[in-house]
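Worksheet: one structure, shown below.
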Amino acid sequence: MEEVIKFRGIVDVYIRDAKTGELLDHKTFHNLVTNAGKELVAYRFSTEWKATGGPVIAVGTGTASPSATDTKLQNEVFRKAASRTQSANQVQYYVRIDSGEANGYNLSELGVFENADPNTPNSGILVNRVTFTAITKTSDIVLDIYVTFVFG
């Protein structure tokens, strides 16, 4: 019997009032795992892992549909080092975009990069990419972003 393992990603964006922390909106998206992301998982199984950079979540203003061959966001405008945790068959990345960050942009794409430099746009391996209806980022809001990869 052959077992098929699926690798899928779920993106949750919580939009909060910057002053009160009140939840204003919650959006959930299912993202595309790139070919490079799948290759990275295979590489981690087959070799001793030597990271050359950390995990980063990047956002942009691109609107082109995600493709498995994507290696960067269409128009990256902000990135930040992310935390990463593992539980059972899931890996979750988290970042908060604070009130003073990424303001003035209509954010409409997001991706997780591994082996990335948080100070160098498009650096690292793009694991996933998702596009969505734009979120206008202002100093009045913070974004809590969770990207969860589920294996199974």
Side-chain angles (χ1 to χ4, degrees), residues 6-41 43-44 49-87 89-151:
K6 294 184 180 188
F7 179 26
R8 60 189 170 94
I10 303 161
V11 177
D12 287 293
V13 179
Y14 296 87
I15 303 169
R16 298 185 182 280
D17 182 281
K19 290 185 176 93
T20 67
E22 176 187 353
L23 181 63
L24 302 174
D25 200 359
H26 171 225
K27 299 179 182 293
T28 299
F29 314 104
H30 296 274
N31 62 226
L32 177 96
V33 177
T34 64
N35 290 341
K38 293 173 186 174
E39 290 172 13
L40 178 65
V41 171
Y43 177 78
R44 284 191 172 181
W49 177 246
K50 294 179 183 167
T52 58
V56 165
I57 291 179
V59 291
T61 59
T63 57
S65 294
S67 168
T69 59
D70 288 344
T71 58
K72 62 182 183 175
L73 297 184
Q74 182 184 4
N75 188 37
E76 182 178 322
V77 296
F78 181 79
R79 64 174 32 212
K80 191 171 185 178
S83 64
R84 177 182 48 216
T85 57
Q86 182 268 327
S87 176
N89 65 330
Q90 299 182 11
V91 177
Q92 185 174 73
Y93 295 77
Y94 167 75
V95 74
R96 170 173 271 194
I97 300 178
D98 285 313
S99 62
E101 299 173 319
N103 291 326
Y105 292 106
N106 292 319
L107 304 177
S108 55
E109 66 177 332
L110 178 146
V112 170
F113 288 83
E114 277 287 357
N115 286 353
D117 180 344
N119 300 309
T120 305
N122 298 311
S123 71
I125 298 168
L126 179 64
V127 178
N128 72 311
R129 182 166 174 259
V130 64
T131 57
F132 45 87
T133 303
I135 298 169
T136 302
K137 179 63 177 77
T138 68
S139 61
D140 295 330
I141 62 172
V142 298
L143 304 178
D144 286 322
I145 301 171
Y146 296 86
V147 180
T148 306
F149 293 104
V150 180
F151 298 86

Discussion item. My understanding is that only residues two or more places apart in sequence, or in another chain, count here; which of them pass side-chain hydrogen bond (donor to acceptor under 3.5 Å, both in side chains) with K27?
Written reply: D25
Worksheet item: In terms of the angle between their ring planes, are Y146 and Y14 parallel, tilted or perpendicular, with boundaries placed at 30° and 60°?
Response: perpendicular
Discussion item. Do R16 and I141 have side chains that approach each other closer than 4.5 Å (heavy atoms only, starting at C-beta)?
Written reply: no
Worksheet item: Going by atom types only, do T148 and Q92 share a side-chain donor-acceptor pair under 3.5 Å?
Response: yes
Worksheet entry | Partner of I145 under side-chain contact (heavy atoms from CB on, under 4.5 Å), chosen from D12, L107, V59, V112 | V59
Discussion item. Please give me the minimum heavy-atom distance between R79 and T120, naming the atom from each residue.
Written reply: NH1-O, 3.1 Å
Worksheet item: With side chains defined as the heavy atoms from C-beta onward, is the minimum distance between V11 and L110 less than 4.5 Å?
Response: yes
Fill in: Heavy-atom side-chain proximity of D140 to D17 below 4.5 angstrom
no
Worksheet item: How far does NE2 of H26 sit from CG of D144, to the nearest 0.5 angstrom?
Response: 10.5 Å
Discussion item. Return the CD1 to CZ distance between I57 and F113, rounded to the nearest 0.5 Å.
Written reply: 11.0 Å
Discussion item. As an exercise, state the distance from CD1 of I125 to CD of E114, rounded to the nearest 0.5 Å.
Written reply: 8.0 Å
Worksheet item: Can you find a side-chain donor-acceptor pair between T61 and N106 that sits under 3.5 Å?
Response: no
Worksheet item: Taking atom OG of S83 and atom OH of Y93, what is their separation to the nearest 0.5 Å?
Response: 10.5 Å
Worksheet entry | N-O pairing of E101 and K137 below 4.0 Å | no
Worksheet item: Within a radius of less than 6.0 Å around OH of Y94, do more than 12 heavy atoms belonging to other residues, nucleotides or ligands occur?
Response: yes
Item to complete: Determine the minimum heavy-atom distance between A116 and V56, stating which atoms define it.
Response: CB-CG2, 3.6 Å
